[in-house]
Structure formats: structure tokens, C-alpha cells
A.B. asks: 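Below is a structure I'd like to ask you about.
Note: hydrogens, waters and symmetry copies are ignored here, and every other heavy atom, side chains too, is used. No experiment lies behind these values; they were computed from the predicted model shown. Each chain gets a letter, A, B and so on, in the order the sequences are listed, and its residues count up from 1.
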Amino acid sequence: MDHKQIEKKWSQKWKDEGVYQADLKKPKKKYYNLMMFPYPSAEGLHVGNMYAFTGADVHGRFKAMQGYEVFEPIGLDGFGIHSENYAIKIGKHPMDQAKVSEKHFYEQLSRIGNRFNWDNRLETYDPEYYRWTQWLFTQMFNHGLAYRKKAQVNWCPSCKTVLADEQVESGLCERCKTAVEKRENEQWFFKITQYAQRLLDNIEKINWPEKIKISQRNWIGRKEGINITYKIKDSKETVTVFTTRPDTNFGATFVVLGVEHELVAELLNDQFSSTNFQKKQIKEYVEKTLKKSDIDRLAEGREKTGVFTGLDAINDLTKKNMPIFVTDFVLGNVGTGAVVGVPGHDKRDFEFAKEFKLEVIRVVVGADGDKSEITKLEQVQENEGKMVNSGFLDGMEIHEATEKIMDYMEDQGTGKRVVTYRLRDWCISRQRYWGPPIPMIYCEKCAKRFTPGVKKSPTPGVGMAGWYPEENLPVVLPYLKNFKPTDDGKPPLERAEKSWLFTKCPKCKGKAKRETDVSDTFLDSSWYFLRYSSIDKVGPCHANKVRPFGEDLPWDTDITNKFLPVDAYIGGAEHAVLHLLYSRFVWMALQDWGFLDKKLGIEPFPFLYGHGLIIKDGAKMSKSKGNIVNPDEYMDKYGADALRLYLMFIGPYDQGGDFKDTGIRGMSRFLARVEKLVDCITPGVKKSPTPGVELLARLRHKTIKRVTEAVEKFKYNVAIAAMMEFVNGLEKMGTDKDSIKALILLLALFTPYMAEEWWSKIGEEFSVHQQAWP
RNA sequence: GCCAGGAUGUUGAAACUGGUAGACAAGCACGACUCAAAAUCGUGUGGAAGGAAUUCCAUGAGGGUUCGAUUCCCUCUCCUGGCACCA
């Protein structure tokens, strides 16, 4: 039999007998072995996906042989821009294309030989799944974590969609590399910032790669500092700035506002006595800046521009006037949107001061001992040092001075210690077609009746004027003939049939309109691991109620309490700040609402393993580069086992590597040699020579030990090398049945098909998947 | 600019808490089998010198600790990834 027949025979048998189907009701020792599900376009899996899944499966098989009830589900993250764009490209409707893709993907996935729990698969575009994604949205709303606001958002003119901050890479769309523009739009947001501190604190308590933990810490970006409020000269108004370096405040000589700052709007509204000329200048500058995309700003480099407002802030420490400017280098959504300029000790401030001929005062002397006036950029001193020209702070180290001045400012009432985060709220809205409709209904009548302050809601956001969650889920995504996005950025669902677009208001029963945005794909994937173990075990849902614990949830509480959290989550490190942060947030929220038992632990993925990336010719595999390697042809030629073995042999699993197909023949050769050894002891076949039994046993035990240690550390390449040495030894010394049995069991992690075949060949009755680790 | 990770033969790589560097493969060369080729099997394979045993030099560069360093410490170079006008 050739490998194709063998693969067919065993995968059929595994499926028919459900041998890998975990007992979810009464697990002995459970092990939830999860791999990040693929985000497919119709081109199918590439070798990189196969690498990821194989490595994760080796881990699962190892745990299973150690006696765990391993649950290893798979599904498709099929909603989203990726699939939609592909459908547009090939001129098909995403809903039709999804069925084609699904079939192809599952075929490929079943070929690679993983011990998947096929009965528990899910697809995010299945209404049975996304009804619960929508439910999650309504719960966010009901608990005050979803809100809508007009916001400046990142707009990709090529994908014609809004992007989350996380999806913008230095001003470019992460998907198509087009320069991202800014647009004002009404958007739905989730208050992930409310969880910033917990998301940060819990990082210390999880077993994740240091690299990913650091990314998350940086992304959350906690900063301790102080908000300083300055009086504005000849006015009752004040301006508040955020700074982490109040120690240098004796050297503060100006204040800069971002263009979004409220003071700027007030200036233009004649609330100050600025001249008309100034107002005109400010207006022009603000308009010009708002039009600029991030990439324009980056292209301009550090060139500082701005406009004087005609106002002065008063530095309480020095009693000096600090002119207030509007500038584009201050970001509206960082800190208070206003910054105090200390040109001697901040490079940007120095550049700005030079441009506008503002005073530069040295207040810190650093390690180089330079006490002279600061006239060059290189002299700007941003590091450790001792205070000078700073009144009561003189002579102190900067850290001591920071504490002292903060105490002082709080005493004086001019400052207040604050903690800020870089993390922003999660923008959920997408003006696209291929996603779950956001299950909200807007009633104009109710909105008009709503008087702010009268109907006080327990949590902010709840009771937003006129908005109600849909009561009966799912809100099924209608089949739109023309689903394509347009340049005006209007959601495609605006073009849906009136019967879909308009519905009854849940409150006043009047005519109301549906939300036409769909949700971000990352919402689909933020909770899927909770769904797998409960597929087909839960009933319909109604969204507009906060349900008592355990009733009508997206999951079966019993099973979930037994199988969650995820014991090993295996995936690519590229999801370090997107998916992996959102999932943690959703888990925490669900626990806070009482939907998830506290005993499941504070994190969904206590252990995360980040595998490496398979590249081709030094570059990431991508359609645009045309360097996709399709695993099918290799599986056809050498068999799934040989490919699995080869991929795992390239290097340590966390390292990835460059795919070259020369090495794969070596794996075929190796498998053929094992086959020969197996034949030596197959009943009825020629007798093997009699080897030194003791010597063999020693070699065997050494090999088992080496393989075990290597597999535990995910060093699959070393494990395979050890098995190869073992085979070399057996060929030289001759072999016995115990050694062959051990070899097959070790190999079963990597070559599940051949292992089954050999196991039956040597006359063992039970199949390999039931055997214990040797 | 900041943070993290890395650099070992022709190539992928190995080396446990400091102890024979290069396991295991790939490639290449030669040989066996064959009319021939493929496949398979055998031998060799870091560099230099030598017929050989052997000797010297080699883990990005330089320095240090040590009886002994790929491994620990310092400086530098180059790659790879993340963040970036973040106050």
C-alpha cells in the first residue's frame, strides 16, 4: 500500500470510530489543547499553517499518551475583510465562497493527520455561532462597556474600512500597506481601557513567552505622572497638561495644545480676546492638520510647526508667562491633549523652542557634567542627573525631585498624580459587509424623549438615547447582491431590504432602524475557545436581558467548568497584542458579569506557546509576494507523515525557519528504513539476527528519555534526531520487538498514519492512540 | 530613537545547571550494484599542514573571569521582530 491509501484508511477509521473524540462529560484528567484557528481565504492552507497545526498536534498526542483526555478542536475564522476581499477579487459572493472554502479547508485539515475533535468544529460565519457573538455585544452594552461616539478613526481608502489602532502599522494599513487616513465617524467602542490595570497585572501570573508579555505591557503602556493645571493670564480659564517629568517644571517655558484640544474650539468660538488674525491662522492650521494622514506626518519628520494662540499660561513655580501654541506634534488622545514645553530636557520641545525662538533653561546636570547653556540639540539632557536652577529642588536627583515636586503641587492644588495608559478603547464598528451585524436598534422617537440626567443609568453607556439591543438573536446577515464597500464609507448594509433595515422598537413598538455596521473580526475570535466544547449543546438566546448565572449561555456550564480554561494555547506570536489582548478582556468581563465561574481562573490561556514562522526565501509567505507553498503537492508526493516529520525537523518549534524542499526526501528515506526494521520482526517474515539484549535495552531507554525531554520542551527537531540515532543503532545491532514497539510509539507523535500501520503490522491488537507513552 | 531576540561547517541545526564543539540531517565527493541512469547501500566531508598517526586554528569582532567559555561579565558590529513626535 502506498501512503495515500494508508492515510485514507486510517483517517476514515479515526473518524468512524471517533477515536479522538474527547469525553467531555466525564474526563479523567482533562487537557484542552488549542491551536489558533485559521483565518482563511479560499486559497487553502499553506505550509506555514501546516507547521503550526502539526507542532500543536504533537503536543496534544504527547499529552494523550500521558493519559490525559485531550480535547483538540478546530474551526474556521471565516468572517472578515480577508475572506471578503478574496471573494471580491475572484468575483464571487462571500457567502457562497465561504461554503467552497470551508469544504477545501476541512479536507486539507483532515489530511494532515491531527487528532482533531471533528464533532466540535465551528465557523464564525455560521448563524449558530454569531448569534452568540452578537449576544456578547449586547452583554457589553447591557453592562455599560459598549458605547457609541463620534471619533476620529483610521480609514483605509483601499480596503474602504475603519481600522483599529492595532491594525495600523506606522501609518499604513496592516493588510494592504495603503496610507491610512483620518475620518470622523460614529463608531461603537468597547471599554477595554477599563480593564487596563487588570490586563497589565495578570501578565505576571501567566506562563507566556516573555516576548509576548513584553509586547502586551508596552501596548497597555502604563505611565505614572501628574496633571498640572496652569492659570491662563487675564482669564478665568485654565489649561491642564500631563507629564511624567514634573521635576523639570522650573524649566518650563511654553505650553502646546493638540488641534483637538477643547481650548482651541473655545478660542474659535470667541471666548477669548484673540485677534481675528490669530483666529484665522489657528483655524487654517487646525483644518490643515486634521486633513493630514499619519503617513504625511511621519514623512514630515520632526519638523515642528504651530501657531501662537495669543494666550499665556502662568508657571506657578517661576511666575513666568508661558505662551500657548497649537501644534500638530501633540496628539489629542494622549494624556490631556496638552503638553508643557521644557526645551532643555526634551528633544521635541527643544526643536519647537528653536523654531519659535523661545527661552531654554537648564534645570538638570547629567553625568557628562555639562552645566552650560543649552544651545544645541545634542545638549538636550533627558536622562538621570542633578537639579539646578530649580529653587527648592536644587541638588536633588531627578527621581527624588519628581516625588518632591509632585507632593508640592498636590499641596498647592496645582497638580494631581495620575496614571495613564497608552491603550485605547476597542473600536468594534466596521463599515463592511462580511461580519456579524451589530445587533442594535435605533429608535428616533425614544431618542427624542430621552432627557439626559432624568433617566440615570447605573453604568455609563447603558440607556444611550434611543439605542436598544435586539431581543431575538441572531440578526441574520442578509444576502446582499451588492455587498461591496464604497468610497463614501457608508456601510453596505444600508442598502439592505427595508424589511431588514427597519424593525419594531423594543421599547415603544414604533418604527426603528437597525445598526448597519458589522463587528470587527476580532470579536468573533475573542471567545471561540469557549464555544468549542459546547457545540450543539445550547439552545436559542435572547439578548436583552442580563441572565442569571448558568442560564441560556453560549456554552454548557457543566462542560465548560470541566474543560476550561485552555491548558495549552498554541499559535503565532503575531497575535501578541490583538487577539490575545481582546480574548483576555472578554474573559474578564464574562467573569465579572457572573457568566463564567470564578474557579476557572482569572485568565483564559494560563499557558501560551508561540511557535515560529515558516518563511520562504527569507520572506513571510503571502499571496502578494507569490511565495506560498502549498502542502498538498508534498503530501501527494511524500505523504503527510513525511511532511510532518520534515517540518518538525527544520528547527526548534518556536523558531520557524525557511522552507526548502530538499530535506524532505531524507524523511522519506528515514521512514523507509523504519519500515524495513518493522518488517524484520513482522510475524512470518525472516528472523532478525539475535542482538545483545541488554545493550538494546540500554539504547532504547536512553532514546526514550531523550525524546521525552525534547518533546516536553517543544524541541521536536532534537526528538526526531534522537529517534534517527536509535534507528541507526538498531540497523547496526539488529533489533527486537520491544525496541520496535518503543520506536513506533515515539514516532506516533510525528507520523500518526504510519505508526498505526506498523503497529497493526507487528500484530498488536489495540491501536496506537490507546497506548501509553513508553 | 526605545524594547526584545539572535549570530556555530556549504546548508538546517545539536551541545544538560561552564567540561571531547559540530549530534542528527541536507548537500557534495568517491565507491558498490547496474549496459546505463534513478533508487538503494558503503566511505569521506569545519579550515590549514602531513603519506599517516598527529599538530595548529576555529562558535559575529575585541577584551575579561576561570585549570577550562558556544555557555558567565563588559564593549562593539551586523541581522530579525515589536513600539515609535506617547509628553
A.B. asks: Should the ring pair F659(A) and Y634(A) be called parallel, tilted or perpendicular, given that the plane angle runs from 0 to 90° and is split at 30 and 60?
C.D. replies: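 Judged by the thresholds at 30° and 60°, the geometry between F659(A) and Y634(A) is perpendicular.
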A.B. asks: For rA36(B), give the paired nucleotide (Watson-Crick: N1-N3 plus N6-O4 or O6-N4; G-U: N1-O2 and O6-N3; both under 3.5 Å), or none.
C.D. replies: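 Its partner: none found.
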A.B. asks: Nearest to the side chain of P652(A) - rA13(B), rA87(B), rG27(B)?
C.D. replies: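 Looking only at side-chain atoms, P652(A) lies closest to rA13(B).
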A.B. asks: Considering only the P atoms, how many Å lie between rU40(B) and rG47(B), rounded to the nearest integer?
C.D. replies: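 Looking at atom P only, rU40(B) and rG47(B) are 26 Å apart.
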A.B. asks: If rC24(B) has a Watson-Crick or G-U wobble mate with both distances under 3.5 Å, name it; if not, just say none.
C.D. replies: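 Its partner is rG12(B).
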A.B. asks: Does a side-chain N or O from R217(A) land closer than 4.0 Å to OP1 or OP2 of rC3(B), or not?
C.D. replies: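 Result: no.
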A.B. asks: When rounded to the nearest 0.5 angstrom, what is the spacing between CE in M322(A) and NZ in K320(A)?
C.D. replies: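 Between M322(A) CE and K320(A) NZ, I get 11.0 Å after rounding to 0.5 Å.
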A.B. asks: Distance check needed: rA23(B) P versus K715(A) NZ, whole Å only.
C.D. replies: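 Going from NZ in K715(A) over to P in rA23(B) covers 16 Å.
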A.B. asks: OP1 or OP2 of rA14(B) less than 4.0 angstrom from a side-chain nitrogen or oxygen of N717(A), does that happen here?
C.D. replies: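 Yes, such a contact exists.
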A.B. asks: With a 4.0 Å cut-off on heavy atoms, is G666(A) in touch with a base, just the backbone sugar-phosphate, or nothing at all?
C.D. replies: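 It contacts sugar-phosphate atoms only.
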A.B. asks: What integer number of Å spans the C1' atoms of rA39(B) and rU45(B)?
C.D. replies: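 Straight-line distance between the two C1' atoms is 23 Å.
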A.B. asks: Taking only the P atom of each, what is the distance from rG68(B) to rC86(B) in whole angstrom?
C.D. replies: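 Taking atom P in both rG68(B) and rC86(B), they lie 48 Å apart.
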A.B. asks: Given that both distances must come in under 3.5 Å, which nucleotide forms a Watson-Crick or G-U wobble pair with rG50(B)?
C.D. replies: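 The base-pairing partner of rG50(B), which may sit in any strand shown, does not exist here.
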A.B. asks: Starting from P on rC3(B), measure out to CZ on R422(A) and report it in whole angstrom.
C.D. replies: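 To the nearest whole Å, that distance equals 16 Å.
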A.B. asks: Between rU10(B) and rG22(B), how far apart are the C1' atoms? Round to whole Å, please.
C.D. replies: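 Result for the C1' pair: 14 Å, nearest Å.
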A.B. asks: Nearest whole Å is fine: how far is rG12(B) C1' from K616(A) NZ?
C.D. replies: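 Atom-to-atom, K616(A) to rG12(B), this comes out as 14 Å.
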A.B. asks: Can you tell me the base-pairing partner of rG81(B)? Count Watson-Crick or G-U wobble geometry only, both distances below 3.5 Å, and say none if there is no partner.
C.D. replies: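 For rG81(B), the partner nucleotide comes out as rC3(B), under the 3.5 Å rule.
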A.B. asks: If the glycosidic angle sits within 90 degrees of zero it is syn, else anti. Tell me which applies to rG42(B).
C.D. replies: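 You should classify rG42(B) as anti.
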A.B. asks: Looking at K660(A), I'd like to know whether one of its side-chain N or O atoms comes within less than 4.0 Å of OP1 or OP2 on rA26(B).
C.D. replies: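 So the side-chain polar atoms of K660(A) never come under 4.0 Å of the phosphate oxygens OP1 or OP2 of rA26(B).
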A.B. asks: Let me know the distance between OH of Y230(A) and C1' of rA87(B), rounded to the nearest Å.
C.D. replies: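 Interatomic distance, OH of Y230(A) to C1' of rA87(B): 11 Å.
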A.B. asks: From C-beta outward on R665(A), which listed nucleotide comes closest to its side chain: rA84(B), rA87(B), rG27(B)?
C.D. replies: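 For R665(A), the side-chain atoms sit closest to rG27(B).
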A.B. asks: Looking only at side-chain atoms of I214(A), point me to the closest of rA87(B), rA15(B), rA4(B).
C.D. replies: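 From the listed options, rA4(B) comes nearest.
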A.B. asks: Can D425(A) and T193(A) be counted as having a side-chain donor-acceptor contact under 3.5 angstrom?
C.D. replies: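 Yes, because at least one side-chain N or O of D425(A) sits under 3.5 Å from a partner of the opposite role on T193(A).
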A.B. asks: For N728(A), which contact category applies under a 4.0 Å heavy-atom criterion: base, sugar-phosphate, or nothing?
C.D. replies: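 If one applies the 4.0 Å heavy-atom cut-off, N728(A) turns out to touch the sugar-phosphate alone, with no base involved.
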A.B. asks: Distance between the C1' atoms of rG18(B) and rC67(B), in whole angstroms?
C.D. replies: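 So the two C1' atoms sit 12 Å from each other.
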A.B. asks: What contact category does V334(A) fall into here, base, sugar-phosphate, or nothing, at under 4.0 angstrom with non-hydrogen atoms?
C.D. replies: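 Contact class for V334(A): base.
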A.B. asks: Is any side-chain nitrogen or oxygen of Q655(A) closer than 4.0 Å to OP1 or OP2 of rA13(B)?
C.D. replies: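 Yes, such a contact exists.
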A.B. asks: With rounding to the nearest 0.5 Å, note down the distance linking OG in S390(A) to CE in M396(A).
C.D. replies: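 Answer for the OG-CE pair, S390(A) versus M396(A), is 10.0 Å.
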A.B. asks: Take the protein atom CZ of R245(A) and the nucleotide atom P of rC85(B), then report the distance between them rounded to whole Å.
C.D. replies: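 Answer to the nearest Å: 20 Å.
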A.B. asks: Rounding to an integer number of Å, can you tell me how far I226(A) CD1 sits from rA87(B) P?
C.D. replies: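 Computing the I226(A):CD1 to rA87(B):P distance gives 16 Å.
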A.B. asks: rU17(B) and rG42(B): how far apart are their P atoms, nearest whole angstrom?
C.D. replies: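 To the nearest whole Å, 34 Å.
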A.B. asks: In terms of the nearest nucleotide of RNA chain B, which residue is placed more toward the 5' end: K732(A) or R706(A)?
C.D. replies: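 Counting from the 5' end, the first nearest nucleotide belongs to R706(A).
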A.B. asks: Is the F189(A)-W426(A) ring centre distance short of 6.0 angstrom?
C.D. replies: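 When the ring centroids of F189(A) and W426(A) are compared, they turn out to be at least 6.0 Å apart.
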A.B. asks: Does rU70(B) have a Watson-Crick or wobble partner in any strand here, with both distances under 3.5 angstrom, and which is it?
C.D. replies: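 Check on rU70(B): unpaired, no WC or wobble geometry under 3.5 Å.
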A.B. asks: Base, sugar-phosphate alone, or nothing: which one does E210(A) contact when heavy atoms must sit under 4.0 Å apart?
C.D. replies: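 No contact at all - E210(A) keeps every heavy atom at 4.0 Å or more from the nucleic acid.
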A.B. asks: Identify which nucleotide among rG12(B), rC24(B), rC86(B) has an atom closest to any side-chain atom of I650(A), counting heavy atoms from C-beta outward.
C.D. replies: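 Per side-chain heavy atoms of I650(A), the pick is rG12(B).
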A.B. asks: What interatomic distance, in whole Å, is found between P of rC74(B) and the corresponding atom of rU80(B)?
C.D. replies: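 It comes out at 25 Å once rounded to the nearest Å.
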A.B. asks: Does rA39(B) have its OP1 or OP2 closer than 4.0 Å to a side-chain nitrogen or oxygen of R669(A)?
C.D. replies: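 Checking R669(A) against rA39(B): no side-chain N or O falls below 4.0 Å of OP1 or OP2.
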A.B. asks: Start with the C-alpha gap between T229(A) and T414(A), add the side-chain angles, then the distance that decides, and say whether side chain to side chain donor-acceptor pair (under 3.5 Å) holds.
C.D. replies: CA-CA 5 Å; T229(A) 302; T414(A) 54; over 6 Å; no
A.B. asks: In whole Å, I'd like the distance from the CD1 atom of I615(A) to the C1' atom of rG81(B).
C.D. replies: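 That distance rounds to 12 Å.
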A.B. asks: May I ask you to decide if the ring planes of F356(A) and F325(A) are parallel, tilted or perpendicular, using 30° and 60° as cut-offs?
C.D. replies: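 Aromatic pair F356(A)/F325(A) classed tilted.
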A.B. asks: Of the options rC86(B), rC85(B), rU40(B), whose atoms approach the side-chain atoms of F329(A) most closely?
C.D. replies: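 Among rC86(B), rC85(B), rU40(B), the one nearest the side chain of F329(A) is rC85(B).
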A.B. asks: Using Watson-Crick or G-U wobble geometry with both distances below 3.5 Å, tell me the partner of rU43(B), or none.
C.D. replies: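 In the structure as shown, rU43(B) has rA29(B) as its Watson-Crick or wobble partner.
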A.B. asks: Here's a test of your reading of the structure: between G332(A) and E731(A), which maps to the more 5' nucleotide of RNA chain B?
C.D. replies: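 The 5'-side residue here is E731(A).
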A.B. asks: Can the positive tip of R584(A) be found less than 6.0 Å from the middle of the six-membered ring of W208(A), inside 45° of the ring normal?
C.D. replies: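 So R584(A) does make the cation-pi contact.
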A.B. asks: When both hydrogen-bonding distances must be under 3.5 Å and the geometry is Watson-Crick or G-U wobble, what is rU65(B) paired with, if anything?
C.D. replies: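 Because no pair has both required distances under 3.5 Å, rU65(B) counts as unpaired.
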A.B. asks: Kindly point out which of rA15(B), rC24(B), rA84(B) is positioned nearest to the side chain of F649(A)?
C.D. replies: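 So the side chain of F649(A) is nearest to rC24(B).
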A.B. asks: OP1 or OP2 of rC83(B) sitting under 4.0 Å from any side-chain N/O of K211(A)?
C.D. replies: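 False: K211(A) side-chain N/O out of range (4.0 Å or more) of rC83(B) OP1/OP2.
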A.B. asks: E378(A) CD to rG1(B) C1': how many Å, rounded?
C.D. replies: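 Rounding to the nearest Å, CD of E378(A) and C1' of rG1(B) are 14 Å apart.
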A.B. asks: Answer with yes or no whether R348(A) presents, from its side chain, a donor or acceptor under 3.5 Å of a partner atom in the base of rA87(B).
C.D. replies: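 Indeed there is one.
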A.B. asks: For rG60(B), give the paired nucleotide (Watson-Crick: N1-N3 plus N6-O4 or O6-N4; G-U: N1-O2 and O6-N3; both under 3.5 Å), or none.
C.D. replies: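 Here rG60(B) is engaged in a pair, and the nucleotide opposite it is rC76(B).
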A.B. asks: Taking atom types as modelled, is there a side-chain donor on N218(A) or R422(A) under 3.5 Å from an acceptor on the other?
C.D. replies: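 There is no such pair (donor and acceptor under 3.5 Å, judged by atom type) between the side chains of N218(A) and R422(A).
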A.B. asks: Which listed nucleotide (rA23(B), rC85(B), rA87(B)) is nearest to the side chain of K304(A)?
C.D. replies: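 Per side-chain heavy atoms of K304(A), the pick is rC85(B).
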A.B. asks: Using atom P in both nucleotides, what's the gap between rA15(B) and rA7(B) to the nearest angstrom?
C.D. replies: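 rA15(B) and rA7(B) have their P atoms separated by 12 Å.
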